[in-house]
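The structure appears below as structure tokens.
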Amino acid sequence: MEERENIAAEFLRAGLEGAGSGSALTGSDIAGLLEIPRDSAMGDLAFPCFTLAGKLKKSPAAIATDLAASLAESVRGNKQVERGVAAGPYLNIFFTPAFRAGIVSAILEGDWLAPEPARAGRVMIEYSQPNTHKVFHVGHMRNVALGDVLVRLYEFAGREVVAANYIGDVGTHIAKCLWVFTRHFKGEAPAQHRGEFLGGLYKQADELLDFTRLTAYPHPGLFSARVLEMRPHPGNADWKVLKLDAGAKGQAQVVCGGTGFQTGAIVAWAPPDCSFLGRLVQRVDKAGISSEGLVPSCKELGTGEDRDKIHIFPRETPLGAEITEIGRRPGCIPTEQSVAAVIRERGAEVRAVLRGLEAREPSLERLWRETRQWSLDEFSEIYAWIGCRFDHYFYESEVDEEGKRLALEALEKGQLMRSEGAIGADLSTAGLGFCMLLKSDGTTLYATKDLALARRKFEKFNVAESLYIVDHSQSLHFQQVFKTLELLGFAQAARCRHVAYGLVNLPEGKMSSRKGNIIPFSKLRAELGAHIRREFLHKYQGEWPEAEIAEAERRIAVAAIRYGMLNQEPIKNIVFDMREWTSPVGNTGPYLLYAYARTRSILREVPELAGTAFDGALLIHEKERVVLNELAGFRRAVLRAVRDHNPQVLCAQLYELARAFSRMYEECPVKRAGEPALQAARLKLVAATGAVLRRGLGLLGIEVLERM
RNA sequence: GCGCCCGUAGCUCAAUCGGAUAGAGCGCUUGGCUUCGAACCAAGAGGCAGCAGGUUCGAAUCCUGCCGGGCGCGCCA
């Protein structure tokens, strides 16, 4: 039924010829220009005459008028096109009712809802990527909704899809979690929701390790010092050479590139051999002048966003005092303990766990495996609930070594460079800076593993196209990874795409573990379920089997979540408002389920009339015409949603169809249609509407209900 | 400071890869159930499209500059 456009185009081409402008445009040119009129009453398709105006040296309106006159002839006896009407610069086409209604048979009896013919090129869609030992919450649901729908859409487009997950099962977050579990947690792990339990531990670890709760300046080993002298640096106009007085800690000469301070100011001083921001501060020669440590900026100290401005302490600050104590927050830890000591101790404990994990220390390895499985079990439960699919699971733990080797090999080939002790790709010519792949201690980073993972996708899975469904904050990361892949000689890099999406916020603002307003999956499911039972299913208690009620509850909940997550452009932030998303009124998942249920209800109510053939020519009511056109627009919408990686397009199409159906429902009764032939025709139209709603919702990952 | 993204009705969002009078939902006002499901439908009010330029027959859409917000920017993932 794409033939609608083709038939209209051919008809128009003939009309142009009749008007003496035959060679102006080809049939396919015209088909490409055809639009759907703003107002359905204006026609079934619209041909804008603007582009012809230049070629024919006539005004668009004049062309439309001439075209209409020419078409008046060819319309006679035409089985498909009823008339062409000039409306300003547009020539609007009306199909014959029989042809327009042909879509119904195509849907019900043909393969109009079937996927596109198979196309070569396997595509991998990587999505979800949860971290074990962390809470899986509503925010993560957007990713799942988007990833899963893209899997379904790509398959509709005729592609072979490998749906992939990539589990974050290594890294410091796990060390933190297990640190709390082994050192601070007293009691038994629960029997239920053990993944979320681990997430809670992780959150607790984050709090224990959030040293800004203990002090305003959570950097042990730094001292307050007064700037005694400030001279320009002979080798670099942007630098200054400072002479610092750190009281009992002595004096030092430091080269500094920062701004916003003067002689006499009290600043922080990181002396040589102390550890600052995870790195050893060294005594360096900056262009021939020795610098004994450094003076951190506001950004480095965490007191501001400015990367150049130097943080200044109040006048009365004693010199040579450890800054952790200067900023000490009373009441957090016993006064006899020094903040710096606590920071060092906790940090050392976590690092010990991390080293133990990396060294595969048997007891830790066992604990890691066991707890990891708790999370994985919970993920499986979530995926089963929402109904998404994965064909393959990757784990960070399995690409770590591979990533390291890949980086070292690339270094040998001269594709990477060393910088400040680290190894990475120089992407500055592409405006992407430096992509670090191996830290100075030789360990890998996220990007390193992504390179190894990409290679696996290319070589083991032979994918021609690779999609990464990851939130928008990772845009730079993926630009760097793809560019580095290119640098390493992977031509497939050109077919890698980052599908970015925005955050999920709550009506009361952002989600953050600090505010404690994160909605974990178990809570989401429970609240959603209770709400839906109360609002939708309460009245069927006792009437329907409990199993049906439970399944309806799940489907409505999934419809609300999936539709809410998808009914907006992916790149934009969205607000998760449970009341709004579950509303039976308005542009929501439940409304669409309801519309479908009503189509089923009619089909149950009105028996099929045996022996009455479908006569589409009877469907001439304006409301019926609109429904037919919405049905006809379905495929185009699906294919556009795939092309743009934007399921919202499909949501909008389905919503318009549901609305058109509701409007038709008011004025075009099936049961009391009068004529049996009309009743039969309407019945088929209702059936076709239901079929498209079911198919479209299915592509969104939403399962319909026969009654609700 | 640099880069990416987003600014459309009171709120949440659309607008067919530059086209007709910028449209929906929510909320608000009003009307419609002895009728296939009123969980619906109909009508109304509500707009300086962030601001200022530019390109074009035509701009919410493309370009430039500002303003506002979000997110990033080598040893986290």
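Within every chain, numbering begins at 1; the chains are lettered A, B, ... in the order of the sequence lines, protein sequences first and strands thereafter.
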Quick one: list whatever passes salt bridge (Lys or Arg N to Asp or Glu O under 4.0 Å) with [X], sequence neighbours left out.
X	value
A:Arg372	A:Asp169
A:Asp29	none
A:Glu580	none

Partners passing side-chain contact (heavy atoms from CB on, under 4.5 Å) against A:Lys623 (at least two apart in sequence or in another chain):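 So A:Lys623 forms a side-chain contact (heavy atoms from CB on, under 4.5 Å) with A:His621, A:Arg663, A:Met664, A:Glu667, A:Cys668.
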Could you tell me which residues satisfy side-chain contact (heavy atoms from CB on, under 4.5 Å) with A:His477, sequence neighbours excluded, listed by chain and number?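 Partners of A:His477 under the side-chain contact (heavy atoms from CB on, under 4.5 Å) test: A:Tyr446, A:Ala447, A:Asp450, A:Gln474, A:Val481.
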Donor-acceptor list for residues 30-49 of chain A side chains, cut-off 3.5 Å, not counting sequence neighbours:
{"unit_1": "A:Asp39", "atom_1": "OD1", "unit_2": "A:Ala41", "atom_2": "N", "d": "3.0"}
{"unit_1": "A:Asp44", "atom_1": "OD1", "unit_2": "A:Arg100", "atom_2": "NE", "d": "3.1"}
{"unit_1": "A:Asp44", "atom_1": "OD1", "unit_2": "A:Arg625", "atom_2": "NH1", "d": "2.6"}
{"unit_1": "A:Asp44", "atom_1": "OD1", "unit_2": "A:Asn629", "atom_2": "ND2", "d": "2.9"}
{"unit_1": "A:Asp44", "atom_1": "OD2", "unit_2": "A:Phe95", "atom_2": "N", "d": "2.7"}
{"unit_1": "A:Asp44", "atom_1": "OD2", "unit_2": "A:Arg100", "atom_2": "NE", "d": "3.1"}
{"unit_1": "A:Asp44", "atom_1": "OD2", "unit_2": "A:Arg100", "atom_2": "NH2", "d": "2.8"}

What N/O pairs connect the protein and nucleotides 55-59 of chain B at under 3.5 Å? Give each pair on its own line.
none

Name every residue in residues 589-603 of chain A that has at least one heavy atom under 4.0 Å from any atom of RNA chain B, in order of residue number, or write none if there are no such residues.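 The answer is A:Tyr591, A:Tyr594, A:Ala597, A:Arg598, A:Ser601, A:Ile602.
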When you compare B:rA9 with B:rC5, how far apart are their P atoms, in angstrom units rounded to a whole number?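 Roughly 22 Å separates the two P atoms.
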Applying side chain to side chain donor-acceptor pair (under 3.5 Å), can you list everything that pairs with A:Glu605, at least two apart in sequence or on another chain?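 Partners of A:Glu605 under the side chain to side chain donor-acceptor pair (under 3.5 Å) test: A:Lys671.
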Under 4.0 Å: is that the gap between some side-chain N or O of A:Ser662 and OP1 or OP2 of B:rC41?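 Answer yes for this pair, as a side-chain N or O of A:Ser662 is under 4.0 Å from OP1 or OP2.
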Distances under 3.5 Å between nitrogen or oxygen atoms of protein and nucleotides 23-26 of chain B:
{"unit_1": "B:rA24", "atom_1": "O3'", "unit_2": "A:Arg659", "atom_2": "NH1", "d": "3.1"}
{"unit_1": "B:rG25", "atom_1": "OP1", "unit_2": "A:Arg659", "atom_2": "NH1", "d": "2.9"}
{"unit_1": "B:rG25", "atom_1": "OP1", "unit_2": "A:Arg659", "atom_2": "NH2", "d": "2.9"}
{"unit_1": "B:rG25", "atom_1": "O2'", "unit_2": "A:Asn587", "atom_2": "N", "d": "3.4"}

Partners of A:Phe576 by ring-ring contact (aromatic ring centres under 6.0 Å, His included), sequence neighbours excluded?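 Result, ring-ring contact (aromatic ring centres under 6.0 Å, His included) vs A:Phe576: A:Trp581.
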Scan the side chains in residues 647-654 of chain A for donor-acceptor partners under 3.5 Å anywhere in the protein, sequence neighbours excluded, and list what turns up.
{"unit_1": "A:Gln653", "atom_1": "NE2", "unit_2": "A:Glu630", "atom_2": "O", "d": "2.8"}
{"unit_1": "A:Gln653", "atom_1": "NE2", "unit_2": "A:Glu630", "atom_2": "OE1", "d": "3.2"}

